[in-house]
Amino acid sequence: MNASFSEIARALEPARTVLVASHLRPDGDAFGSTIAFALWLQSLGKEVTAWNEDGMLEKFRYLPGADLVHAPTGQGRQFDAFVALDTSVKNRLGTVLEAIVEPTTFINIDHHVSNGRYGALNYIDSDSPATGQIVFEFLREVGGEITPAIADNLFAAISTDTGSFQYPNTTARTFEVGAELVRAGVNVGRLSQAMYDRQPRRRLELLRHALNGAKFSPDGRIVSFALTLADVERLGVLPEDNEGIIDHLRSVDSVVAAVFFEELEGGKVRVSSRSKDKRVDVCRVCAQFGGGGHSLAAGARMAGPLADAEAKFLQALHDEVGRID
Ligand code: AMP
Ligand code: MN
Ligand code: MN
């Protein structure tokens, strides 16, 4: 059962210190929702801490209020309330959880269908294309002011999670919210340029490498690409450079599902997968390996070595794609 927005606002009312956090390997929705929520709490006079396991990534520095976000600091810190945003499973908060004493009020706001409802108060809407859109609806309902800085963060959250208002989870409401955010001060041209037109050159080298190394299944419906630690070293790429590479593989007409395997330090493999057909549920495939996400975009962390993880995942994906025969 979802808590109502007013119940969540009421639970936050007495809190003086609030921690806001999101998932590791953060994306635009993770940061945008975190910062927007933190700015709103600050406007209520609360002492707000915003943490992310990976700290503030350089590529999201354009977000107003980016300076608020830090990697977890300290041990056993006490907060009156803790708000987790855009985080399907508790352990994707990383060491944020270890750094705090269990807070009195634990709120979980998210749009992942696989969300574990681990909060004391949960608001999960898997029809919402971005947690940023839920935060917008929340602020509207509880009378929070959408300042230009909050508007930029929510617009970035929604734009990045919908592939610039393209994915099937984009509804009429998403455009209405987008329009309201523009009225609240978003400069679409400037913000979009910061989001999509300021890539470091090494990312283009990574894309070149991905296009050269892409492997198609014989029927062309599955495409995959594996990035080794040696590749990472040679290309000098950062984890955040990987985001979106898979979209280029997915864009091929024959492709139904695309997968990106990334070798991690310590022998694990990060899997990132996308589907273009709602009958092919990549969340179901990722769940077989302990992961989750959305039906059309999901991930998992598997045991290595890379070649074994690739073979296992591709077999399971092949079976899933076989559903549409
Ligand atoms: P990504 O492929 O990393 O962009 O993630 C796609 C979606 O899957 C996101 O909504 C993530 O929250 C989710 N996801 C990615 N990795 C995992 C994981 N290891 N466990 C659960 N969900 C994941
Ligand atoms: Mn996210
Ligand atoms: Mn999201």
Side-chain angles (χ1 to χ4, degrees), residues 20-37 52-54 57 59-60 63 69 84-94 108-118 123-136 153-165 167 169-170 174 177 210 224-227 239-250 257-262 264 268-276 281-304 309 313 317:
V20 186
S22 185
H23 60 85
L24 44 78
R25 293 301 282 256
D27 47 29
D29 193 23
F31 281 127
S33 303
T34 298
I35 298 169
F37 212 87
N52 188 281
E53 175 73 4
D54 297 323
L57 301 182
K59 77 181 245 201
F60 291 109
L63 293 170
V69 183
L85 294 153
D86 197 42
T87 306
S88 53
V89 278
K90 216 171 159 181
N91 69 12
R92 286 182 52 80
L93 291 161
N108 168 17
I109 299 174
D110 186 28
H111 69 128
H112 291 94
V113 65
S114 57
N115 188 289
R117 294 186 169 269
Y118 48 81
Y123 189 94
I124 315 304
D125 177 7
S126 59
D127 290 331
S128 194
T131 302
Q133 184 170 320
I134 304 177
V135 173
F136 175 89
N153 278 283
L154 295 181
F155 193 92
I158 296 167
S159 177
T160 53
D161 254 28
T162 55
S164 311
F165 299 85
Y167 298 155
N169 53 6
T170 308
T174 313
V177 172
S224 66
F225 166 65
L227 186 69
E240 66 205 71
D241 297 328
N242 299 343
E243 210 188 326
I245 298 288
I246 194 171
D247 300 339
H248 294 271
L249 304 178
R250 185 186 52 187
V259 207
F260 182 13
F261 298 98
E262 180 190 354
L264 301 176
K268 287 215 156 194
V269 177
R270 171 177 172 266
V271 185
S272 175
S273 57
R274 300 289 184 270
S275 162
K276 274 158 77 176
D281 183 346
V282 285
C283 186
R284 186 161 42 209
V285 179
C286 288
Q288 292 173 36
F289 303 102
H294 312 280
S295 56
L296 302 183
R301 268 172 205 244
M302 296 176 67
F313 192 90
L317 186 59

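The figures here come from the full heavy-atom set of this structure, side chains too, leaving out hydrogens, waters and symmetry mates. In listed order, ligands and their atoms are each counted from 1. Note that the structure is a prediction, hence the values are computed from the model and not measured.
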Which pair of non-hydrogen atoms, one from [X] and one from [Y], has the smallest distance, and what is that distance?
| X | Y | answer |
| --- | --- | --- |
| Val269 | Gly304 | CG2-CA, 3.9 Å |
| Ala157 | Gly32 | CB-CA, 4.2 Å |
| Val177 | Gln133 | CG2-CG, 4.2 Å |
| Thr87 | Tyr118 | O-OH, 2.6 Å |
| Leu63 | Ala156 | CD2-CB, 3.6 Å |
| Ala309 | Phe261 | O-CE2, 4.1 Å |

Taking 4.0 Å as the limit for heavy-atom contacts, which would you say applies to Arg270 with ligand 1: side chain only, backbone only, both, or neither?
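The answer is the side chain.
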
Please work out whether any backbone atom (N, CA, C, O) or any side-chain heavy atom from C-beta onward of His23 is under 4.0 Å from ligand 1, and answer side chain, backbone, both or neither.
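Neither part.
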
Less than 4.0 Å is my threshold; does some heavy atom of Glu243 fall inside it relative to ligand 1?
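For ligand 1, residue contact (heavy atoms, under 4.0 Å) with Glu243 is absent.
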
Could you list the atoms of ligand 1 found under 4.0 angstrom from a heavy atom of [X]?
| X | answer |
| --- | --- |
| Gly292 | 8 (O), 13 (C), 14 (N), 20 (N), 21 (C), 22 (N), 23 (C) |
| Gly293 | 8 (O), 13 (C), 22 (N) |
| Arg301 | 19 (N) |
| Ala297 | 6 (C), 7 (C), 8 (O) |
| His112 | 9 (C), 10 (O), 11 (C), 12 (O) |
| Arg274 | 1 (P), 2 (O), 4 (O), 6 (C) |
| His294 | 10 (O) |

Taking just the N, O or S atoms of Asp29, which one is nearest to the Mn ion (ligand 3)?
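This turns out to be OD2.
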
Name whichever N, O or S atom of Asp161 ends up nearest to the Mn ion (ligand 3).
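For Asp161, the N/O/S atom sitting closest to the Mn ion (ligand 3) is OD2.
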
Quick check: does Asp27 have an N/O/S atom under 2.8 Å of the Mn ion (ligand 3)?
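Looking at Asp27, which is the residue asked about, there is no N, O or S atom under 2.8 Å from the Mn ion (ligand 3).
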
2.8 Å cut-off met by an N, O or S atom of His111 to the Mn ion (ligand 3)
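A backbone or side-chain N, O or S atom of His111 is under 2.8 Å from the Mn ion (ligand 3).
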
Can Ser272 and Glu262 be counted as having a side-chain donor-acceptor contact under 3.5 angstrom?
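No pair is found: no donor N or O on one side chain lies under 3.5 Å from an acceptor on the other.
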
Is a donor from one side chain sitting under 3.5 angstrom from an acceptor on the other, for Asp161 and His111?
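Yes, His111 and Asp161 have a side-chain donor paired with an acceptor closer than 3.5 Å.
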
Partner of Phe37 by side chain to side chain contact (heavy atoms under 4.5 Å, CB included), out of Leu154, Asn153, Val135:
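Only one of Leu154, Asn153, Val135 forms a side chain to side chain contact (heavy atoms under 4.5 Å, CB included) with Phe37, namely Val135.
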
The Mn ion (ligand 2) to nearest N/O/S of Asp86 below 2.8 Å
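True for Asp86.
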
Using distance alone, determine whether Gly299 and ligand 1 share an N or O pair under 3.5 Å.
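Looking only at distances, the answer is yes, because the N/O contact criterion of under 3.5 Å is met.
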
Please report whether ligand 1 has a polar contact with Ser272, defined as an N or O pair separated by less than 3.5 Å (distance criterion only).
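Checking ligand 1 against Ser272, an N or O pair does fall under 3.5 Å apart.
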
Considering only the protein, which heavy-atom contact is closest to atom 19 (N) of ligand 1, and what is its distance?
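In this structure, atom 19 (N) of ligand 1 has Ala300 CA, 3.5 Å as its nearest protein heavy atom.
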
May I ask you to check whether Phe136 and Phe155 place their ring centres under 6.0 Å from each other?
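Ring-ring flag for Phe155/Phe136: false, centres at least 6.0 Å apart.
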
Stepwise side chain to side chain contact (heavy atoms under 4.5 Å, CB included) test for Arg274 and Val282
CA-CA 7 Å; Arg274 300 289 184 270; Val282 285; 5.8 Å; no

